[in-house]
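Encoded as structure tokens, the structure appears first; notes follow it.
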Amino acid sequence: MEYTFPVTRTTHPKPRPQDETKLGFAKYFTDHMFVMDYDEGQGWHDGRVVPHEPFLIEPACAVLHYSQCMFEGMKAYRNPQGGVQLFRPDMNIARMKRTNERMCIPELPGDIFLAAVKAVIQEDIDWVPSAPGTALYIRPFIFGDEVSFSVLPAKHYKFMIILSPTGSYYAANDGGLSTTRIYVQDEYIRAARGGTGFAKCGGNYGGGMRASLDAMKYNCKDVLWLDAAENKYVEEIGTSNAFFRIDDEVITAPLDSGTILPGITRNSVIQLLKRWGIKVSERKLSIDEIVEASKNGKLQEVFASGTAAVISPIGWLCVKGEDVPVGDTKVGPVAQKLYDNLYGMQTGTVEDYMGWIYKL
Ligand SMILES: *Cc1c(COP(=O)(O)O)cnc(C)c1O
């Protein structure tokens, strides 16, 4: 089905940021946003593109108290021909369905989701930046906006999409990859079996901030979470998935515990490694095994994967206050190759040999 949505153009277009090398992350927002309502009995209705501006919310609105909400994160990239393209939007749709199901949020049909993304980007297409490392970050989200204090699924929801031109994650390093230090969290947990770890829902992140803040005290950029049951097996890093290359095998946590966010970049990394004939395993990996591998010189690479940075190489793990070096602490060859191929396909400088690009 084809969807078209009415557009109310802003009467006050904002000046676009002049220097694309200083965009930062979610510092600027475009002129328009997408809004759609859901009412019990009526379903999703009245999708529209409107000016991006603050809106009123009733203080007793359920989401402000009980966090019945979800979000997605994706990017639109400017290709060398000047066109704009998305990366695997079907995967965002599939993940949204799983999150909504877990959070008792009514299903939003994938074709409405995609039509809405297209409609709002179309309006702000000139905001898609083109400098190396930049993209238009797309943040779709849904929240229950019923006025109610009962701890039950809302009867009314809003689906919105906002857009932010974002800069290179590696801007400080001339766009090239560099390694960071990560704190291995052995006190707090992120997600337990049966919980909401696999869902992109607000509560997961509010609950993780304490640990991220503590990690920064150790001069670490983010947190590597361990499993909640045994505090032993590695799970993921902040808002990205974690990969460990030990003795020429690339290992990442399996999804079956339901405690790991199934990253689209994670899935893409696994597919590329398989294609290149690099051994990749989705299996439990204990922090002890990693520390041991570092001691024996077998810990070759650690990197995180996610939409924001694509691939972030890690040079040191901070385990109980002690630095565990990864390889020679420099960017490893597998991380670099993955970054070059993924980022190249996303921005259209490398041929889309996986069929992952969706041109707008
Ligand atoms: C979004 C997210 C990821 C990465 O997912 P991508 O689809 O690759 O961006 C990983 N972990 C968490 C906790 C996340 O929120």
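This chain uses plain numbering: 1 for the first residue, then up along the sequence. In listed order, ligands and their atoms are each counted from 1.
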Mark up the atoms of ligand 1 that fall under 4.0 Å of a heavy atom belonging to Arg95, in ascending order. 5 (O), 6 (P), 7 (O)
Between Phe143 and Phe55, what is the ring plane arrangement, given parallel below 30°, perpendicular above 60°, and tilted in between? parallel
What I want to find out is whether Arg245 reaches Glu301 closely enough, with some N-O distance under 4.0 Å, to be called a salt bridge. yes
Among Val302, Asp227, Ile290, Leu317, whose side chain to side chain contact (heavy atoms under 4.5 Å, CB included) with Val234 holds? Ile290
Are Phe159 and Tyr38 an aromatic pair, judged by ring center distance below 6.0 Å? no
Non-hydrogen atoms of Ser240 versus ligand 1: any pair closer than 4.0 Å? yes
What protein heavy atom sits nearest atom 9 (O) of ligand 1, and how far away is it? Thr307 OG1, 2.6 Å
Should Glu236 be counted as touching ligand 1, given the test is an N or O pair under 3.5 Å? yes
Could you tell me if any non-hydrogen atom of Arg190 lies under 4.0 Å from any atom of ligand 1? yes
Salt bridge or not between Lys22 and Asp19? Use side-chain N to carboxylate O under 4.0 Å. yes
Ring centres under 6.0 Å, that's the criterion: do Tyr343 and Phe87 meet it? no
Do me a favour and list the nearest non-hydrogen protein atom to atom 4 (C) of ligand 1 with residue, atom name and distance? Thr239 O, 3.6 Å
How close does the nearest protein non-hydrogen atom get to atom 15 (O) of ligand 1, and which residue and atom is it? Tyr205 OH, 2.5 Å
Using distance alone, decide if ligand 1 has a nitrogen or oxygen within less than 3.5 Å of any nitrogen or oxygen in Thr265. yes
Below the 3.5 angstrom mark, is there an N/O of Lys200, backbone or side chain, next to an N/O of ligand 1? yes
Electrostatic pair Lys155-Asp39, nearest N-O below 4.0 angstrom: no
Return the closest protein heavy atom for atom 5 (O) of ligand 1 as residue, atom name and distance. Gly263 CA, 3.2 Å
Cationic tip of Lys75 above Tyr137 ring, under 6.0 Å, 45° of axis: no
Taking distance alone, with no angle check, do Gly238 and ligand 1 share an N/O pair under 3.5 Å? no
